[in-house]
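Encoded as structure tokens, here's the structure I'll be asking about.
Model, not experiment: these values are computed from the prediction. Reminder, nothing fancy here: chain letters follow the sequence lines and each chain counts from 1.
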Protein chains: 2
Amino acid sequence: MEDATPTKVTLVDIARMAGVGVGTASRALSNAKNVAPATRARVLQVAEANHYVVSPEASRLAKGNTGRVALVVPHLSRWFFGSVVEGLDSVLRGADLDVLLYHVGDVRDRHEFFERLPARRKVDAVVVVGFQVEDIERARLETLGVHIVAAGGQTAAYPSVHIDDRIASRQAVDHLVHLGHKRIAMLEAVDPDQPHLPSTRSPGYHDALAAAGIAIDPTLVVSAPWGGEDGAASMSRLLGHPDPPTGVFAHSDEVALGAVRTLRRAGLEPGRDVSVVGIDDHPLAALSDLTTVRQRPAEQGVLAGRLLLDLLDGKAPTEASTTVPTELVVRGSTAPPRRP
Amino acid sequence: MEDATPTKVTLVDIARMAGVGVGTASRALSNAKNVAPATRARVLQVAEANHYVVSPEASRLAKGNTGRVALVVPHLSRWFFGSVVEGLDSVLRGADLDVLLYHVGDVRDRHEFFERLPARRKVDAVVVVGFQVEDIERARLETLGVHIVAAGGQTAAYPSVHIDDRIASRQAVDHLVHLGHKRIAMLEAVDPDQPHLPSTRSPGYHDALAAAGIAIDPTLVVSAPWGGEDGAASMSRLLGHPDPPTGVFAHSDEVALGAVRTLRRAGLEPGRDVSVVGIDDHPLAALSDLTTVRQRPAEQGVLAGRLLLDLLDGKAPTEASTTVPTELVVRGSTAPPRRP
DNA sequence: GAAGGTGTTGGAAACGCTTCCAGTTGGGAA
DNA sequence: TTCCCAACTGGAAGCGTTTCCAACACCTTC
């Protein structure tokens, strides 16, 4: 490349070269009205020829908005969160907004984020991805004075896009019930960072059992942190139960896969000896022949992105909160109980 | 919150309220030297009381840098990429840099990114995460005139952090060799978006077989796109082989898990009937009892982040390219062949 | 007591854009 | 022909910082 100079050409230069005033040059480039077509063409051509690009800082400073959106994301390395972000990114980029990423891995990160609010003055909106915002945090967030949207999470306080956890769990447990299972366990997952929050997927479990006239056996419900290893451990506990379950509903696919490993190691075949169902339809669920309830995180991201664009455009969103449907995906890990 | 006004207080206001000039106020806030301690304290206190925050746009405009870094990432929803980004994010945030995310899912996105270069003028550096930059793209990237770093990929043109694919594959195949396997297949993965690129993990396979004095059987090498379903399909093909392999080396854990599913469906038990080894140590590998070669993407992200900070500080990095070691993790999916 | 620091300060001049305002032009209506 | 209005245009005034420079005070040091 010959143009070693990192192109330090400004609007003034372009204007001069095109033989117009800066005002006109600016209007031409931002395709505003009141510019003669010929003039605009000339300016555009000169700009093109000189690889001119507006200085975002100057532009933003002058017009007052930032053209950026912050994404606050807890566990980026997990499929669900990554997918939501992918979806968000695609629509925001389409609208020429830049995406500022704030990964808040653990409580510490999170506290720091809400304490310092590094996004302050840097964005036009904030998207909270896949976690519940606590009250104190909410108060802090509000001081930003920007739009806030929740994607893939059930934060009631903001416009949001999410699945109905209660229905999803119900779909999973109903499936086990219809197969004829009576002793159905639940592997609950709690967020170690927010241990006080109730499991959002237990109500559906209760609903399904109640509807089937099956009494809840509290000893069949085990709680553990979110994660495969924890799921495996929980399953171990259940195997020690005097009257073990024939069906297991896991909070998520990852937890379910942990349970599957425990079963295999115990010489039990998932689907044949014990049925297991999860939630998510993680790509690896298909590879593990795991029955699950599918949610589409990328789609949730897309919808949340659109919602945000509407808010930024001043259009009140048609619905403050969108629920994305989930669907049961039957695979090999579930079957009628051995002794019905 | 009473302060409903989104705090439109500027440096000038602060200066006036503190009874100092704007210059002094600026110096005090940016803790530069040549400010009397008392004066600084006063300014800081006034700023604090009024929830003053500098306008990044104005600040950047005046000082000329952006304080931002762009991350160009192909498949955010995959564990590897998400993890690298997590690592990067943590160190960049620590240095008070903002992270701009550019997700380039497919060829189209990618072309568009390099064509439009939306990051132009918006960042001080670019990190390319986990993919190879082609020559034309490189030329485009260079026109940005900013630092470029590769994380988790083997782009030789830039300072980078990555594993040694050749060694990693060698570790995997050596393991199979040591167990006594003679017929060892390879499930190659090609990036559908860059089908012309040679597999980076084949050389190690060849090395290992050569070292063991095993002749390469080209019919035992199958190529397919990256992904579990493709791995499953490739494994199916191998099962139809007249003299099928007893050991399988898969390009990645995801591909390996696909192979495992095929084996199970064929009534074969991984580890007992056929050995399978992958690369990555994906969290779900442990849940599937998959033997693998571990790489630590988050660590790669962290190191790449540090590398970048050094570059931005003007310190020439001690080493332009860092290789992160990998290690064999033996689990249940590998064992000596049935008939040795 | 004069000369020369040193540490601190205020203010002006960038930084590169957008937008408002006033001016110019040309064409149609009266 | 005159007048008016619309379409265009140039330039100045911000936007909110940082930084440079001149000014000043107060000490030291000869």
Side-chain angles (χ1 to χ4, degrees), chain A residues 5-47 50-68 96 98 120-124 145, chain B residues 5-44 46-47 50-68 96 98 118 120-124 145:
Chain A
T5 41
T7 348
K8 199 64 176 190
V9 46
T10 77
L11 182 58
V12 185
D13 300 325
I14 298 297
R16 192 176 334 105
M17 300 171 87
V20 300
V22 285
T24 306
S26 174
R27 280 181 294 255
L29 288 166
S30 60
N31 56 23
K33 52 184 71 238
N34 284 344
V35 180
T39 312
R40 156 162 304 142
R42 188 150 32 96
V43 173
L44 255 41
Q45 188 257 311
V46 171
N50 293 71
H51 302 111
Y52 171 75
V53 182
V54 299
S55 155
E57 321 297 338
S59 171
R60 302 317 190 180
L61 176 56
K63 62 171 168 232
N65 69 353
T66 73
R68 270 173 246 131
D96 248 311
D98 279 309
R120 169 161 291 198
R121 292 265 240 158
K122 291 179 186 162
V123 296
D124 297 331
Chain B
T5 42
T7 347
K8 199 65 175 189
V9 47
T10 78
L11 183 58
V12 185
D13 300 324
I14 298 297
R16 190 174 337 103
M17 299 171 87
V20 301
V22 285
T24 305
S26 174
R27 279 180 296 254
L29 288 167
S30 59
N31 58 22
K33 51 185 69 242
N34 285 345
V35 179
T39 312
R40 157 162 303 142
R42 188 150 32 97
V43 173
L44 256 41
V46 172
N50 293 71
H51 301 111
Y52 170 76
V53 182
V54 300
S55 154
E57 320 297 338
S59 172
R60 303 315 190 182
L61 176 57
K63 60 171 170 234
N65 69 354
T66 72
R68 270 172 246 132
D96 248 310
D98 278 309
R120 169 160 290 198
R121 294 264 241 156
K122 291 178 186 163
V123 297
D124 297 331

* Pick base, sugar-phosphate or nothing for Ser26(A), based on heavy-atom distances below 4.0 Å to the nucleic acid. => base

* Structure fact -> By nearest-nucleotide position on DNA chain C, the 5'-leaning member of Ser55(A) and Pro37(B) is Pro37(B)

* Which heavy atom in Ala15(A) sits nearest to a heavy atom in Ala25(A), and how many Å separate them? -> CB-CB, 3.8 Å

* Have a look at Glu57(B) and tell me which of Arg121(A), Arg68(A), Arg60(A), Lys122(A) forms a salt bridge (charged side-chain N to carboxylate O under 4.0 Å, His left out) with it. => Arg68(A)

* So do the side chains of Asn50(A) and Asp13(A) get within less than 4.5 Å of each other, counting heavy atoms only? -> no

* Between Arg60(A) (CZ) and dT19(C) (P), how many Å, whole number? -> 11 Å

* Atom CD of Glu57(A) to atom P of dC17(C): distance rounded to whole Å? -> 11 Å

* Asked: Got Tyr52(A) and Val46(A) here, is their nearest side-chain heavy-atom distance under 4.5 Å?
  -> no

* Structure fact -> The reported gap from CD1 in Ile14(B) to CG in Leu44(B) (rounded to nearest 0.5 angstrom) is 10.0 Å

* Asked: Rounding to a whole Å, what distance do you find between Arg121(B):CZ and dC15(C):C1'?
  -> 11 Å

* Structure fact -> In short, the helix from dG1(C)-dC30(D) to dA30(C)-dT1(D) is bent end to end, axes from five pairs each side, to 10°, by 50°

* Asked: Going 5' to 3' on DNA chain D, which nucleotide is the first and which the last to come under 4.0 Å of a heavy atom in chain A?
  -> dC8(D) to dT17(D)

Grab the N/O contacts between the protein and nucleotides 9-13 of chain C below 3.5 Å, and write none if there aren't any.
residue : atom : partner  : partner atom : Å
dT9(C)  : OP1  : Thr39(B) : OG1          : 2.4
dT9(C)  : OP2  : Ala36(B) : N            : 3.0
dT9(C)  : OP2  : Thr39(B) : OG1          : 3.3
dG10(C) : OP2  : Gly21(B) : N            : 2.7
dG10(C) : OP2  : Thr24(B) : OG1          : 2.9
dG10(C) : N7   : Arg27(B) : NH2          : 3.1
dG10(C) : O6   : Arg27(B) : NH1          : 3.3

* Shortest non-hydrogen contact from Ala47(B) to Leu29(B)? -> CB-CD2, 3.9 Å

* Structure fact -> What one should report as the nearest heavy-atom pair of Asp124(B) and Gly67(B) is OD2-N, 2.8 Å

* Could you state the atom-to-atom distance from CG of Leu29(A) to C1' of dT18(C) in whole Å? => 12 Å

* Closest approach of Leu11(A) to Ser26(A) (non-hydrogen atoms, all atoms of both residues) -> CD2-CB, 3.8 Å

* Working to the nearest 0.5 Å, report the span between OG1 of Thr24(B) and CZ of Arg27(B). => 4.5 Å

* To do: First locate atom CG of Leu61(B), then atom OG of Ser55(B), and finally report the distance between them rounded to the nearest 0.5 Å.
  => 9.0 Å

* To do: Provide, to the nearest angstrom, the distance between the CG atom belonging to Leu61(A) and the C1' atom belonging to dT18(C).
  => 10 Å

* **Separation of Asn34(A) CG from Thr39(A) OG1 (nearest 0.5 Å)** => 11.5 Å

